[in-house]
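Below is one structure, written out as structure tokens; comments come after it.
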Amino acid sequence: MTLTVAIVGRPNVGKSTLFNRLTGRRSALVDDTPGVTRDRREGEGKLFDLTFRLFDTAGLEDVDDDSLEARMRRQSEIAIEEADVVLMMLDARAGVTATDEIFADKLRRGDKPVLVLANKCEGQAGAAGLAEAFTLGLGDPVAFSAEHGIGLEEVHELLSEVA
Ligand code: GDP
Ligand code: MG
């Protein structure tokens, strides 16, 4: 069975940057079913020795036919259902927001392994946000940078355990 990994989180935290890094943009839109799957991109992710199916939850910024919160809830529900592992990303420079808490609440109630990626942690600007991310109750957050490739070893470690 192919390992399935989903990247979830509010807009602008860096999900697509990570998706592109792991897939090398070998990706396609899932389909255009209104409201759910058009928001998602699927690709073949590669990280060191591992290959997996990767979902990015994209496009929330561009739609206005439903509340953002409702759409995010639905996406995290789908991620919990379909993924073997969920990568929950937040922007450590912005700190933990109410929207991040919505995702965390949902994921805490699920039974899938979750790794919290405190993104934009290159340099010092993410230090406070990284510390805050412990309060999400989803285990130790990873000091991460999707742009600079920091923290990928921790992602690999979790994926290896589940694969
Ligand atoms: P998404 O909306 O969650 O998919 O976020 P994007 O991947 O589109 O990134 C949103 C913004 O954050 C872009 O301007 C990225 O260049 C920036 N970004 C992504 N990863 C990092 C990172 O590791 N460090 C910093 N400083 N910026 C990042
Ligand atoms: Mg995106």
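As the structure lists them, so they are numbered: ligands from 1, and atoms in each ligand from 1.
- In terms of polar-atom proximity, defined here as any N/O pair under 3.5 Å, His148 makes no such contact with ligand 1.
- Not one N/O/S atom of Thr57, from backbone or side chain, sits under 2.8 Å from the Mg ion (ligand 2).
- For Glu44 and Lys46, the salt-bridge test passes: some basic side-chain N is under 4.0 Å from an acidic carboxylate O.
- Side chains of Thr2 and Arg53: no donor on one and acceptor on the other come within 3.5 Å.
- Among Ile150, Leu90, Asn119, Thr17, the residue whose heavy atom lies closest to atom 21 (C) of ligand 1 is Asn119.
- For Pro11, the heavy-atom gap to ligand 1 drops under 4.0 angstrom.
- Within 6.0 Å of the CD atom in Glu161, the count of heavy atoms belonging to other residues, nucleotides or ligands exceeds 12.
- We find that Asp84 and Lys112 are not joined by a salt bridge, their nearest charged nitrogen and carboxylate oxygen being 4.0 Å or further apart.
- Using a cut-off of 4.0 Å between Lys/Arg side-chain N and Asp/Glu carboxylate O, Asp91 and Lys120 are scored as salt-bridged.
- Which parts of ligand 1 touch Lys15 is read off a 4.0 Å heavy-atom cut-off, strictly below it: atoms 1 (P), 2 (O), 3 (O), 4 (O), 5 (O), 7 (O).
- The shortest N or O to N or O distance between Phe144 and ligand 1 is not below 3.5 Å.
- A heavy-atom distance below 4.5 Å is not found between the side chains of Ile7 and Phe55.
- Counting heavy atoms closer than 4.0 Å to ligand 1, residue Met89 contributes nothing at all.
- Heavy-atom proximity to atom 23 (O) of ligand 1, evaluated over Ser145, Gly151, Cys121, is greatest for Ser145.
- Contact annotation: the side chain of Leu50 approaches that of His156 to within less than 4.5 Å [non-hydrogen atoms, C-beta and beyond].
- Within ligand 1, the atoms closer than 4.0 Å to a non-hydrogen atom of Gly14 are 1 (P), 3 (O), 5 (O), 6 (P), 7 (O), 9 (O), 19 (C), numbered from 1 in the order shown.
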